2 protein chains.
Amino acid sequence: MTLLQTQDQSGLPQSARALRGVRDLLLSGEIGPGERLAELALVERLGLSRTPVRAALAHLAQEGLLEALPTGGYSARRFSQADVVDTIELRGTIEGLALRLAAERGADPALMREAEATLDEIDAALDRAPGAAGVDTYARLNSRFHVQLAALSGSEAVRRELERVMALPFAQPSALLDAQAKLPRFDLTLINGQMQHHAMLEAVRMREGARAEALAREHARLASRNVSTVVADAGLARHVPALTLVRADAAETVE
Amino acid sequence: MTLLQTQDQSGLPQSARALRGVRDLLLSGEIGPGERLAELALVERLGLSRTPVRAALAHLAQEGLLEALPTGGYSARRFSQADVVDTIELRGTIEGLALRLAAERGADPALMREAEATLDEIDAALDRAPGAAGVDTYARLNSRFHVQLAALSGSEAVRRELERVMALPFAQPSALLDAQAKLPRFDLTLINGQMQHHAMLEAVRMREGARAEALAREHARLASRNVSTVVADAGLARHVPALTLVRADAAETVE
DNA sequence: CTTCGAGCGAGTGTATACATTCTCGCAAGC
DNA sequence: GCTTGCGAGAATGTATACACTCGCTCGAAG
């Protein structure tokens, strides 16, 4: 289970603490969707001065987590299920581009070996602890694999863009795994995902650009499966950081 | 021809002036690729205080125009031809996603009519002044059309992402038109582009998602045609804002 | 009782002073 | 003569005081 543990921040610059601090408040749900963030209140809660807090707010607004209010100031952005599904589709599309470019232009052999090594580790992990038991290990390796995919493209522009899309917590490859682990036949989902992983690298190796692209897209759709089920389950959503940002549709009317 | 005219900024907040001011310095080439931006120097040049200038620098860094130096401070990012080509490919890919979603999910009829109206205007403009003569009008209408395309998707997530990618000046649909207008048979390029515009809307109307997507991608590639030719021509590059950011490959070694 | 206006308070926008770190140059010692 | 260390300067990072705007409340007049 992923927990938000605010780790030791000694030595970190104030601006980094502010960024972490505000982001944690949002992801932990302490600040709910739509809620306004007053600078002075944050200054008090985080024990910092206004300057770094202000910088953090501006940063998070550009990142998409906050919304700039017309009168000034910011509020926590409200995300809908459609936002989650579309953002994951977006990630799949750009990962598809990355893999197509890797296939067409040829991927760096060293990077290919690194990605393959990660898949070997996932194979071993799934063998050792299949299903929900090994979800933590799977999540960690899966995230690493997706970072390696972005690098395979050989394009700095594409790599940066992928990084940026994944700044939204629910767009990250392993974001919803903790919640989905409670769903039936979860073990098969993981195994299916890993088969797609292997196929993606094979397609790149064989220079099959269209296949690699299609696989990347379909793979991303695994992540958006059952989004509505997971979001609707308040018990789940509360403990999955990425989902605290999403208002269940029922609560949409209430303010 | 597009010129950077610093217009009246009275009434604008200092932070907006700072953002405009620094961006103009970069796009006009007054600050060249790789050059470091010292806060105090900018404060003097722009006649503002450090706070808004500092905010502008942080903003532009996240936007991708600046690069954060490890020691602190920022430098103007150096873009390669590959960055330009890949970023345009990225735009085409995301516009492809937008059109596919529009086709599959059905686009808002009102938005469709607005986009069609823009195409009618482009038709008229091309009829009146074909080729390089009407490039300014074409550029303006073309930009509007691409904004309307993003809206057709009906997805806020996709629309936002497109907006963000186009924050890089050379990713904008009409960015290189001024320079390309000097190339042979430019009039045919415009006409070809407009035919693709019509085909894109038709595909959306007919719910042909794959066709709409493919068209969007191919259409973006019109923009990256002859990038190397255009970048290599120093006379052209100097007066096209988007190209002052790109170092010609020959100059790459010099510092 | 309702409505309009003035004053007050909260909050953001801006400027600037202070702290800290990094760099560059010079000088001294090996 | 080269290297190393110390110091001055300049740059960024941070804190805080001041300015200004918006919104709310309270009071008075119609």
Side-chain angles (χ1 to χ4, degrees), chain A residues 6 8-26 30-78 255, chain B residues 6 8-26 30-78 255:
Chain A
T6 304
D8 182 32
Q9 298 186 333
S10 62
L12 270 183
Q14 305 294 67
S15 53
R17 286 192 216 187
L19 199 57
R20 277 257 275 274
V22 178
R23 194 184 269 125
D24 283 355
L25 287 175
L26 291 166
E30 289 183 62
I31 295 180
E35 197 169 325
R36 178 163 188 179
L37 286 83
E39 291 177 7
L40 289 176
L42 292 171
V43 162
E44 220 173 298
R45 278 174 94 160
L46 300 175
L48 303 166
S49 78
R50 273 187 70 204
T51 306
V53 167
R54 211 178 147 65
L57 292 176
H59 186 99
L60 290 172
Q62 234 180 325
E63 198 169 290
L65 244 51
L66 299 181
E67 201 159 16
L69 299 174
T71 65
Y74 302 93
S75 68
R77 190 157 153 226
R78 313 174 76 95
E255 181 55 27
Chain B
T6 304
D8 182 33
Q9 297 187 336
S10 63
L12 272 181
Q14 306 294 66
S15 52
R17 287 192 216 187
L19 200 57
R20 276 257 275 272
V22 178
R23 195 183 269 126
D24 283 355
L25 287 176
L26 292 167
E30 290 183 62
I31 296 180
E35 198 169 325
R36 177 163 188 177
L37 286 84
E39 290 177 8
L40 289 177
L42 292 171
V43 162
E44 221 173 297
R45 278 175 95 159
L46 301 174
L48 304 164
S49 77
R50 274 187 68 204
T51 307
V53 167
R54 212 179 146 64
L57 292 177
H59 186 99
L60 290 172
Q62 233 180 325
E63 197 169 290
L65 244 49
L66 299 181
E67 200 159 18
L69 299 174
T71 65
Y74 302 93
S75 68
R77 190 158 153 223
R78 313 174 78 95
E255 182 64 27

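Order of the sequence lines fixes the chain letters, A, B, ..., with proteins taken first and strands second; residue numbering starts at 1 for each chain. Note that the structure is a prediction, hence the values are computed from the model and not measured. Basis for what follows: all heavy atoms, side chains included, without hydrogens, waters or symmetry-related copies.
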Value in whole Å for how far the P atom of C:dA10 lies from CD of A:E44: 13 Å
Backbone N/O of B:E39 and side chain of B:R54: donor-acceptor pair under 3.5 Å: no
Taking all non-hydrogen atoms of both residues into account, name the closest pair between A:P52 and A:A18 and its distance. O-CB, 3.5 Å
Atom CG of A:L57 and atom C1' of C:dT12 are separated, to the nearest Å, by 11 Å
Checking all strands, does A:L69 fall into the base, sugar-phosphate, or nothing category for heavy-atom contacts under 4.0 angstrom? nothing
Quick one: are A:R77 and A:L65 in side-chain contact, heavy atoms under 4.5 Å? no
If you round to the nearest 0.5 Å, how far is CD of A:E67 from CZ of A:R36? 12.5 Å
Using whole Å, report how far CD of B:E35 lies from P of D:dA11. 14 Å
Which distance, rounded to the nearest 0.5 Å, do you find between the CZ of B:R50 and the CG of B:L57? 10.0 Å
Reading nucleotides 13-22 of chain C from the 5' end, what letters show protein touch, with B for base, S for backbone sugar-phosphate only, - for no heavy atom under 4.0 Å? BBBBB-----
For A:E63, all residues meeting side chain to side chain donor-acceptor pair (under 3.5 Å), sequence neighbours excluded: A:R23, A:H59
Looking at every strand, decide which applies to A:L42 at a 4.0 Å heavy-atom threshold: base, sugar-phosphate, or nothing. nothing
